[in-house]
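Each ligand, and each atom within it, is numbered from 1 in the order the structure gives.
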Amino acid sequence: MAARSADAAQRRLAGLVRRHGSPVMAISRGVLNAQMRRFRRALPRVEPFYAAKANPHPGVLAHLAAAGAGFDVASAAELEAALAAGAPPGRVIFANTIKPSAAIGSAAARGVDLMTFDSEYELDKIAERAPGSRVIVRVKVPNVGSIVELSLKFGADPADAIPLLIKAHRLGLRPAGVSFHVGSQCTRVGNYVEAIETAAIIVRDAALKRIPIDIVDIGGGFPIRQLDRDEDPFDTMAAVISRELDRLFDGHIRIIAEPGRFIVGPAAVLLMRVVGKAIRENRHWYYLDDGIYGDLSGIIFDHAKYGWGVLRKGRRQLSTLAGPTCDSLDIIARGEDLPELEIGDVVYATNIGAYSSASATCFNGIAPAKIVMTQ
Ligand SMILES: Cc1ncc(COP(=O)(O)O)c(C=O)c1O
């Protein structure tokens, strides 16, 4: 039974390359729905604002907008893409704490008035270009063990949160809440627990100072199953996060989150073809038509580890996969256990929806993969 469905899956993958050419990234609407359902079921109090940076493809944004997601955008271009996909301006948060003044102005002109900040310089810019906006202070929280550290670059000291919110009020802005990010692919629930406690202290202090904040934004970071590990920690972590949110915040506090990887990571498969072959140091090297400068850029920028598959059967041997550019940085995987491949064979990577095509370049004039939305 399992073997038959694996064969059907492989036939489907072969069909995608025949129909669309190679390289091609197929993003499944069914998996996007399943991830949204899973998020909402495990965190019933939390409104997901999909982090468009993870994968801003218009098909992904339109599908999630229709499913009722809000959007976290990091730039004026992402903001335009979210609105074009059908997101109402009131369901968009401009969640880059450092924004060019012109981008702040264009957000205000498009009716997006919810923004994060973590310094007083940013508040001055927001007050000038988007007067009256609702502002959320982002604080620095532990990112222990997360695959991508974000507190290195962002977040006010929690002790400065209240003075910053007071300054926002003085500048004519509307202090709205507090946010944090525990680091991407966070598998340590303690990061969330500590960050939620920090946010609760800020909410309590704000109430004592009569600053009317009512949003807690718990950021992104929700993990997907990693291919080198057996466990899938999301549900266990989400149960703890839910319990802490209910314990620390009464019903008038609105809880939002900015999941990126969790929603789109598992939804995509990238299919490539072997365009070159060599034997070097007694090992087969296969050169693919996509690589580190293209849709596999997450290997560098996102410290990603993907699962590899091929459509050919045979005796396996340790092999090397490399990308199509002239740079020797462009080596994708060493020591993969693969059957002997021929030029034209298909190699695919799974779990590759997040931080992949989003950071692909056209280095050497080689275009990234075509993206198609599938059922
Ligand atoms: C401000 C902000 N929100 C949300 C995200 C999405 O994080 P993740 O994909 O880990 O859910 C990021 C990722 O860098 C981010 O910087």
Response to the item:
In short, Tyr192 meets Gly220 closest at the heavy-atom pair OH-O, 2.8 Å

Response to the item:
In ligand 1, the atoms that come under 4.0 Å of a heavy atom of Gly220 are 7 (O), 11 (O)

Discussion item. Using a 4.0 Å cutoff against the non-hydrogen atoms of Lys53, which atoms of ligand 1 qualify?
Written reply: 2 (C), 3 (N), 4 (C), 5 (C), 12 (C), 13 (C), 14 (O), 15 (C), 16 (O)

Worksheet item: Side chains of Thr320 and Glu336: closer than 4.5 Å at any heavy-atom pair?
Response: no

Worksheet, complete the sentence: Within the 4.0 Å heavy-atom cut-off, what Tyr355 brings close to ligand 1 is side chain

Item to complete: Could you tell me which atoms of ligand 1, counted from 1 in the order shown, lie closer than 4.0 angstrom to a heavy atom of Arg138?
Response: 1 (C)

Discussion item. Looking at Arg134 and Asp214, is any side-chain nitrogen of the basic one under 4.0 Å from a carboxylate oxygen of the acidic one?
Written reply: no

Discussion item. Would a single hydrophobic cluster contain both Val137 and Val141, if residues Ile, Leu, Val, Met, Phe, Trp and Tyr are joined by side-chain heavy-atom contacts under 4.5 Å?
Written reply: yes

Response to the item:
In terms of its nearest heavy atom to atom 7 (O) of ligand 1, the top option of Arg261, His181, Lys153 is His181

Worksheet item: Does the side chain of Tyr286 reach to within under 4.5 Å of the side chain of Ser319, using non-hydrogen atoms?
Response: yes

Worksheet item: Do ligand 1 and Ala54 have nitrogen or oxygen atoms that lie under 3.5 Å from each other?
Response: no

Worksheet item: Hey, are the side chains of Phe94 and Lys99 touching, using non-hydrogen atoms and a 4.5 Å cut-off?
Response: yes

Discussion item. Less than 4.0 Å is my threshold; does some heavy atom of Pro259 fall inside it relative to ligand 1?
Written reply: yes

Worksheet item: Got more than 12 heavy atoms from elsewhere within 6.0 Å of NE2, His284?
Response: yes

Item to complete: With heavy atoms of Gly260 as the reference, note each atom of ligand 1 found under 4.0 Å away.
Response: 8 (P), 9 (O), 11 (O)

Worksheet item: Where's the contact between Asp72 and ligand 1, heavy-atom distance under 4.0 Å: side chain, backbone, both or neither?
Response: side chain

Worksheet item: Nearest protein heavy-atom contact for atom 3 (N) of ligand 1: which residue, which atom, what distance?
Response: Glu258 OE1, 2.6 Å

Worksheet entry | Subset of ligand 1 atoms that lie under 4.0 Å from at least one heavy atom of Ala51 | 4 (C), 5 (C), 6 (C)

Discussion item. Between Tyr50 and Gln35, do the side chains contain a donor N or O and an acceptor N or O under 3.5 Å apart?
Written reply: no

Worksheet item: Is it true that Gly221 lies under 4.0 Å from ligand 1, counting heavy atoms only?
Response: yes

Response to the item:
ligand 1 to Ser184, heavy atom cutoff 4.0 Å, flagged ligand atoms 8 (P), 9 (O), 10 (O)

Worksheet item: Judged by modelled atom types alone, do Asn143 and His181 share a side-chain donor-acceptor pair under 3.5 Å?
Response: no

Worksheet item: Can you check whether Ala95 has an N/O within less than 3.5 Å of an N/O in ligand 1?
Response: no

